[in-house]
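Quick caveat: nothing in here was measured; it's all calculated off a predicted structure.
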Amino acid sequence: MACRFILQNLSKRHLLHSAFASRSASTLVLAEHEGGSIKAQSLSAVVAASSIGQDNRVSLLLAGSGSSLQQAAEKAATCHPSISQVLVADSDKFAYPLAEPWAKLIQLVQLKGGYSHVIATSSSFGKNILPRAAALLDVSPVTDVVGINGTHQFIRPIYAGNALCTVRYTGANPCMLSVRSTSFPVPPISGDSKSDGASISEVDLSTLDEDSIGKSRFIKLSSEETDLPDLGSARVVVTGGRALKSAENFKMIEKLAEKLGAAVGATRAAVDAGFVPNELQVGQTGKIVAPELYMAFGVSGAIQHLAGMKDSKVIVAVNKDADAPIFQVADYGLVGDLFEVIPELLEKLPEKK
């Protein structure tokens, strides 16, 4: 059982402040979009925002340029009933999600909107932007939140997820949070609840300081064309570890994932060995996943890796070491040689239709 530490320093002033905050809460959600659609993890941030308070007004901030931004804004206006406003920053400065222009944008929007909370997901997008924006606003962010108990009380993991810490934010507004998308699943939304769309407003960028946003520039985007689902939102994940021994052998994991319609994951050891690129790393310093089925082949179960996948609904582990830590969290475990198990699975599983 995870330990829980409660850090509290309550006074009548804090209690009165919390009561006032619950009545006047307003949240700005930093959203990612791609191909004219809002990313699923950004909707999880909206779910987190809606749990802050009943009367919380949620605004979604989108930035980018071109027609895909406008398409994303239109879809965002009807994608969740909690969203009351969609703010759109349309400029070539936001063609790529660089930290400097985004941080200045958040500062600009905050000064005009006076939000009580600013929320982003604990993705590479959120981890890149939130700290810089918090520094500009002179506040301390609360990171990696997995639970919300009120307007200023949150739960976050510590010690690689082996303990949960309940913290109370006592700083100035805005209270800035990064949340784990896997901890705030998006429930199915009926068509009736999406009938009234949120208003869409353009952000006035005339006062944006251009001198302070040119400290980094976009070079290129490297990505591989694949039909496999995204690792962060896949229902099934197949992960390989160092025991696969080479990039050539790791292709067995990719073939198995293709048959299952699953995403491919890897341990840090496999990434460091050059078997796969680092965007496939699952763990404390990689991606946090919580699929319906997580299959681990040749994964020992280091604490840093377990922190990124132990919330999976069903965990299946294959390892020839019967004492591997992965078996302590696995629902189903097989002590065996993965070089025998995977080919047999590939032979017996039907082709994906």
Side-chain angles (χ1 to χ4, degrees), residues 2 32 34 37-48 51 79-80 121-123 144-147 155 157 161 164 179-190 226-241 250 252-267 270 276 279-284 286-319 324-334 336 338 341-342 344-346 348-353:
E32 296 180 77
E34 186 176 32
S37 298
I38 302 298
K39 289 191 174 182
Q41 56 195 16
S42 293
L43 290 181
S44 295
V46 173
V47 173
S51 64
C79 69
H80 198 281
T121 56
S122 296
S123 60
D144 232 13
V145 170
V146 298
I155 301 172
L164 295 177
V179 299
R180 284 193 181 182
S181 57
T182 54
S183 299
F184 298 94
V186 181
I189 301 173
S190 64
T226 177
D227 294 329
L228 298 178
D230 178 69
L231 177 58
S233 58
R235 293 175 60 250
V236 181
V237 174
V238 181
T239 292
F250 206 94
M252 293 193 300
I253 295 290
E254 297 169 358
K255 290 178 181 178
L256 181 58
E258 188 175 351
K259 274 205 168 186
L260 294 172
V264 174
T267 63
V276 289
E279 61 260 27
L280 299 183
Q281 181 181 329
V282 174
Q284 185 180 15
K287 292 188 176 179
I288 309 296
V289 300
E292 295 179 17
L293 174 61
Y294 187 88
M295 303 181 73
F297 293 89
V299 176
S300 63
I303 187 173
Q304 292 84 358
H305 183 77
L306 297 182
M309 47 66 70
K310 65 181 181 180
D311 290 333
S312 304
K313 308 302 182 292
V314 178
I315 300 173
V316 177
V318 177
N319 198 302
I326 189 70
F327 289 125
Q328 296 178 14
V329 299
D331 298 285
Y332 301 93
L334 174 63
L338 64 86
V341 174
I342 295 179
E344 189 172 351
L345 279 173
L346 289 171
K348 294 185 176 180
L349 284 171
E351 292 292 338
K352 181 187 173 187
K353 295 182 180 180

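The CE atom of Met295 lies 8.5 Å from the CD1 atom of Ile342; values are rounded to the nearest 0.5 Å. Considering NE2 of His80 and OG of Ser44, their distance stands at 9.0 Å, rounded to 0.5 Å. Annotation: the span from Phe327 atom CZ to Tyr332 atom OH amounts to 15.0 Å, rounded to 0.5 Å. One finds the CG atom of Asp230 at 10.5 Å from the CD atom of Glu279 (value rounded to the nearest 0.5 Å).
Among residues two or more places apart in sequence or in another chain, the salt bridge (charged side-chain N to carboxylate O under 4.0 Å, His left out) test is passed with Asp144 by Arg180. The side chain to side chain contact (heavy atoms under 4.5 Å, CB included) check on Gln41 picks up Glu32, Lys39, Thr121, Ser123, Ser181, with sequence neighbours excluded. Considering only residues two or more places apart in sequence or on other chains, Ser51 meets the side chain to side chain contact (heavy atoms under 4.5 Å, CB included) condition with Ile148, Phe184. With sequence neighbours excluded, the residues forming a side chain to side chain contact (heavy atoms under 4.5 Å, CB included) with Val329 are Leu306, Ile315, Ile326, listed by chain and number. Residues satisfying the salt bridge (charged side-chain N to carboxylate O under 4.0 Å, His left out) test with Glu292, not counting sequence neighbours, are Arg235. Considering only residues two or more places apart in sequence or on other chains, Leu334 meets the side chain to side chain contact (heavy atoms under 4.5 Å, CB included) condition with Val318, Val341.
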Does the side-chain contact (heavy atoms from CB on, under 4.5 Å) test come out yes or no for Thr267 and Val282, once each step is laid out? CA-CA 6 Å; Thr267 63; Val282 174; over 6 Å; no
Does Leu293 form a side-chain contact (heavy atoms from CB on, under 4.5 Å) with Val316? I'd like the steps, not just the answer. CA-CA 8 Å; Leu293 174 61; Val316 177; 3.8 Å; yes
Audit row: Val238, Leu260, side-chain contact (heavy atoms from CB on, under 4.5 Å) steps and yes/no: CA-CA 9 Å; Val238 181; Leu260 294 172; 4.0 Å; yes
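Here the shortest heavy-atom pairing between Ala262 and Pro229 reads O-CD, 3.5 Å. Here the closest heavy-atom approach between residue Phe250 and residue Ala266 is recorded as CZ-CB, 3.9 Å. Of all the heavy atoms in Gly301 and Pro325, the pair that sits closest is O-CB, 3.5 Å. Of all non-hydrogen atoms in Glu258 and Leu228, the two that sit nearest each other are CA-CD2, 3.8 Å. Nearest heavy-atom pair across Met252 and Leu338 is CE-CD1, 4.1 Å. Closest approach of Ile288 and Gly283 over heavy atoms only: CD1-O, 3.6 Å.
Applying the side-chain hydrogen bond (donor to acceptor under 3.5 Å, both in side chains) definition to pairs two or more places apart or across chains, those involving residues 295-314 are Tyr294-His305.
Checking side-chain atoms of Lys259 against main-chain N and O of Pro350 turns up no donor-acceptor pair under 3.5 Å. The backbone N or O of Ala324 lies less than 3.5 Å from no partner atom in the side chain of Asn319, so there is not a single donor-acceptor pair.
Residues Leu43 and Cys79 are in side-chain contact: their nearest non-hydrogen atoms beyond the backbone lie under 4.5 Å apart. When side chains are defined from C-beta on, Val145 does not count as touching Ile155, because their heavy atoms never get closer than 4.5 Å. Between Val236 and Pro291, the closest side-chain pair of non-hydrogen atoms is not below 4.5 Å. Leu256 has its side chain within reach of Leu345: a pair of non-hydrogen atoms, C-beta onward, lies under 4.5 Å apart.
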